[in-house]
Amino acid sequence: MSTKTTDMMRAGWGFAGPGLTMLAIVMGLPVLYAAAISLSSMTLIRPALTITGFGNFLAIMSEPLFWNSLGITLRYSVATVMGEFVVGLGIALMLRQVVAMRGVYFAVLTLPMAMSPVAVALIWRMLLQPNLGIVNQTLAGLGLPMIDWLGDSGLALKTMIFIDIWQQTSFVILLLSAGLASLPRDPYEAAEVDGAGPMQQFWYITLPLLRPVAMIAVVIQLINEFRTYDLIYILTKGGPGVSTELLSFFAYKRAFQGLALNEGSAAAFILLLIVLLITVVFFFLLERRKT
Amino acid sequence: MGRRILSHIGLILAVTIVLFPILWVLRTSLVPAQDSYSSAILPSVTLDNYRALFAEKNFGRNYMNSLIVASLSVIVTMPLAAMTGYAFARFRTGGRFARFATLASQMLPPVALALPTFMLFRNVGLTNSLTGLTIVYAAINLPFLTWILMGFFEAIPEDLEGAAMTDGATRWGAFWRVVLPVAAPGIMAAAVLGFILSWNEFLFALILGGSNTATVPVALASLQTSNGVQISNVAAGVSLAILPLMVAAKFIQKYLVEGLSFGSVK
Amino acid sequence: MKKTCFPLTLGLAASLFGGTALADGVTLKALMEDVPETAIIEKMLPEFEEKTGIKVEFEKVGYGDMHDKLVAQLVSGESDYNLLEVDFLWAGEFPAAGWLEDLKPYAEESGFDMSAFIPSTMDLLGNTQESMPLVPMYNYSMGLIYRTDLLNDADLKAAYKSETGQELKAPGTLEEYVEIAKFMKAHGKVNGAAMQGQKGDPNAMEFSNYLFSAGGEYLDADGNVVLAGEAGETALSLYKDAINNAAQTGALSATLDDTMRLMCSGEAFSMVTYWWMLPQIDNAETCPDVAGKVALSVMPGGHGESGGWGWGIAKNVPQEEKDAAWKFITWVQSKDVAVARAMEGHAPVQAEVYTNPDVLAKYPFYKDAMAVVESGKSFPIFTYSAQYEDTLGTQVSLAASGDATVSDALEAASSGLTDLMNK
Amino acid sequence: MSEIKLNKVSRDYGLGNFGVRDVSLEIEEGEFMVLLGPSGCGKSTTLRMIAGLEETTDGQISISGRDVTRLAPRHRNVAVVFQSYALYPHMSVRENMRFGMKMRKTPADEQKRRIAQAASVLGLEPYLDRKPSALSGGQRQRVALGRAIVREPDVFLMDEPLSNLDAKLRGEMRQELVKLHRRVGKTTVFVTHDHVEAMTMGDRICIMRNGSIEQVGAPLEVYAKPRNTFVAQFLAAPAMNLIEARLSAEGEVVTLDAGPVAGPLPEREAALYRASVGQGLLFGLRAEDILTRPKPGAQAFEGIVTVLEALGPENLIVVEAGEQSVSVRADRHFLPRIGEKITLYADLAHMHLFDASSGDAIARET
């Protein structure tokens, strides 16, 4: 190993020290505590923290409902992040095209970001109320059949994905707009001279240059979406049947309704592991490009 | 020309999709409760829903709590995030591992953390207090803001600190007097994001808070009762909850885009 | 046990800023659901404080959030909440976890008259001869609310007669009810039943009414699971039939709120719901379309689902707080206070309040309500009631949406119950 | 009093990766020392180590006789002018200049006096209240200089300060910097990769390669006596012509055989290089030492013109002679056509010889 830069290292830890200390205490301790719980026999009924090993992990992994939740979570996260990215990129590019009204568009389109997921879920629950909600009322007014947005087991997850995209795209727009704004002008001029059309410019210049920001946006959103909880909590409670029971909700139910704090924590840690794995891949791709 | 018009059309469509639900909420907050679900646009206008929120639900208190906690947590977390981000960017402190571990601390679902956090905080008397909530939010926001700020600091030329240090500043002085002012747009952007995150957080606010420390999302959720959702009050509450962010939209926008673009791509 | 591992900083911060106010004397703190019933009691609190010198503070949150908040406090060293408002669904769990003080000795010592409570409200909360974890506070038993105007509509009567050969009248059995509801949907230009089919508490509670009406039970007298019997099969089949052929669009995601609005706007013939929904629907101001045209009855088969809240006292609080809490409970459930609360619209749990002339003068339908309360049967009350509600809800939801057959769903719901009871 | 001494200084990046290795150098009081070399040669690292911005992993650095190796930059009393200028973007020109004095708690009226003086010297008076972003490149460069001057440091350290300027401005600034140095008289270390800057500005030049010093000396001395092929080629454009060569001796006569250039050496050179007969050699001759007219002692050879760059004051010509490309600096009246065969005269009185394998110069000390 290198023998160098003790001075820089000292300075670095000096700067990072307070923040990391706070993080270690306020976040780290509860994480460790939760980890201990996941390895223990602790339930709400018997709250003694006795470490028993990986039994809780094995227990929940033997349940079909757990695998169902895991599958739904993966589908949900991939669909929402892809949707947010595609729509977000499209809007960010369109915003770049226009001059007039740009500020107004931008202000409106980034508004959902500023809303609590609890509020968003309540709003959409109201709008999509199957009989009286304005959406179905409008459909009925147009002579179209009313749609059971959240009550149809084939549709509920898709509706939730839409609502999530509705809210979260605003953050992606923000990040990608910022990324686009800082792209250099020259390569486009060079491409123009080389005879590249708008599509080719987008494909060969914009996308590659945007990659670092795009990856950050995707990572942040993946972390977010994997942990989605508030939306289900208010919209469907995991139903109809188990068609929208995401893993974080599964963990919650197991811990608080099933009183099995240990199994709930185990489920949460499995989720953590998956997110970790995915982000590690993205993270190292990102880092490699930097150095 | 053609492309510009197409863009306008696309954007207007997107704006409609975003704006309609929000406007409908505003409308619902302004009509009497029994008209909440009617499809008439504005059958009659009343401020009763807002009045009820403040008179019967103590919403003023919730609002103040949210303002206090969101602002304070930003004030606490910004210096820490800036310093940590700077250390990661300049000194590569802890290497990739530290960077990643910081981010990873955000990946556990909050449902698994709420109870352990409650128990730990309870032991030091920090439940049921705005202080406790402020500390939690500061810690929750820290990794995300650190990451954002790291980008800005990486984009600031190292020579600036070199100049300051040869000019007689300490490392800290160079950071404080030169790096921070230069990163101001980024700092503002991060602060705004931190505020928004804290303003919207629900689960920790619920578990750690008490009657006097309930924040706006907790108050909104409490309107979902076992004998019905008080949707007109919810609408009023949601309208008020997005108000500060709408009022500051212009300002926020400026800092977010300016700030974020400064650091995101070199 | 964790105390030692805390770094100094947090402790320091706590001592500097930590903010639990120290009151002189005892302060009772309760986590209450943010509903009108809570506000009614809250308004009367100064009276209690004046009388006893005990201060009472209510912290109000939504129903969905109460359980988690209570649990967090009750598993910790000392609870902030000393006085507890407990839903009957937790009446098995809380005592099993040892979080609740047994109130039987308190009642005996203070001579508090427990016989005034309607027996079904006591049973509902897991009270037995041996122990009394909770004192009834509030009732939400379920019955049938239906539209009298539609039943008396001459055209509909004629159509029903020609179709079924029967008279159109208030249903006497569950089969009849579902029949009429389907008929109404087909001919009445309204939904036959406003149903709350969202998975979990809404549909589990709703299905319970079907089960009891069909003569079914969850457990027999010896505590054996008998859900998957013939009556269970009938109940779930009829429930599925009702969801698909009598209920509104979107019934599988609907909650009480949705059904109430549907009923209120005149777009449904009936709903199986809490009895005190009647005055809200029979209200010319909020529901002008249906006011004066609705009635309440016991579930057609004679038994509906009981439900209610109880008062409890946390175990992990000092004795003086427990005593103060008991004082509060006896006060708030005393005859005068109970009547005064009822006059404001609070759902009573004591028989004499239902029959009080003043109350009846104001709310004539209370005699029907009392029938509903008295005839109510209870969801199984045990440690995992809340989880069972979810298990049952999931199966009912799967069956109703056609993702599982009735018998499979019933079998799964039944074995789920057995598993949880043996856990 | 403010001389700088580097004693076996190294910068180890770890894993055997050295930025600078065992560099020893003495810079005298008031001297203008230029560190010259290609990018990555360690010249900037050396400068930054003197400033304290880069850690010195081995060896000692002293300024004014004081060991500063472990001192923080702020305690070294040096001023750095960066290639990027590193002006504080959030401060006005005045504040940029004041910052260092503020840090050192210089009295306010003294601050004012120095800023006014520096501004007048550098012609910055109209811009004192502007932000750097509102200045042109040249103006920013002056601000960076001004910021260093007002500090009145013991030592000026300049890291390629002119490389971001356009050619004309660069020439002007070069002269101004020299004048400034004469007036202030402070020890200055100047890093550049431009040999013109090095030749015109430095009292002495230190040429570096791969983290080590190749040669130190006065510009003309280094130019005249490059220690090896690297120095010889780096210090001029076009670079010195190098041709593989051999010497053979027959009695008193030493004959050079360097491809196209072949012939007996003049008497003085013959005596000098006799020892190298039979060795593998590189024959070096600068472009200006190839003449277009005959001269005693100059060896004629022929070549075909392939490139002609008429610069105005002079013409640069490349000819193909045998297998060799040879650069020639000719006067402006000599204008051959491309493809024309011309006769040229290698002035062997100014020839250089290097060892073919090591590249070291064959000593021509008399």
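Per chain, numbering begins at 1; letters A, B, ... match sequence-line order.
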With chain A as the partner, which of Leu103(B), Leu108(B), Leu80(B) has the greatest number of non-hydrogen pairs under 4.5 Å? Leu108(B)
Heavy-atom cut-off 4.5 Å, strictly under: side chain, backbone, both or neither for Phe118(B) against chain A? neither
Chain A interface, residue from Ala14(B), Pro21(B), Ala81(B) that has the most non-hydrogen pairs under 4.5 Å: Pro21(B)
The interface call for Thr28(B) against chain A, heavy-atom contacts under 4.5 Å, is side chain
For the residue pair Ile123(A) and Trp24(B), establish whether any side-chain heavy-atom pair is separated by less than 4.5 Å. no
Structural part of Ala138(B) lying under 4.5 Å from a heavy atom of chain A: both
Identify which of Ala87(B), Pro109(B), Ala114(B) forms the greatest number of heavy-atom pairs closer than 4.5 Å to chain A. Pro109(B)
Which portion of Tyr105(A) sits near chain B, non-hydrogen atoms under 4.5 angstrom: both
Contacting moiety of Leu247(A), where chain B heavy atoms sit under 4.5 Å: neither
Chain A contact via Val15(B) - which portion, at a heavy-atom distance below 4.5 Å: both
Considering only heavy atoms from C-beta outward, does the side chain of Val31(A) approach that of Ser105(B) to under 4.5 Å? no
Under 4.5 Å heavy-atom distance to chain A, tell me which part of Leu220(B) shows up: side chain, backbone, both or neither. both
Can you tell which part of Phe256(A) gets under 4.5 Å to a heavy atom of chain B, answering side chain, backbone, both or neither? side chain
Quick check on Leu197(B) against chain A: is it the side chain, the backbone, both or neither that has a heavy atom closer than 4.5 Å? neither
How far apart are the C-alpha atoms of Val280(A) and Phe100(B), what are their side-chain angles, what is the distance that settles it, and do they pass the side chain to side chain contact (heavy atoms under 4.5 Å, CB included) test? CA-CA 8 Å; Val280(A) 160; Phe100(B) 191 69; 3.2 Å; yes
Contact part of Phe195(B) toward chain A, heavy-atom cut-off under 4.5 Å: side chain, backbone, both or neither? neither
Whatever's closer than 4.5 Å to a heavy atom in chain A on Ile196(B) counts as side chain
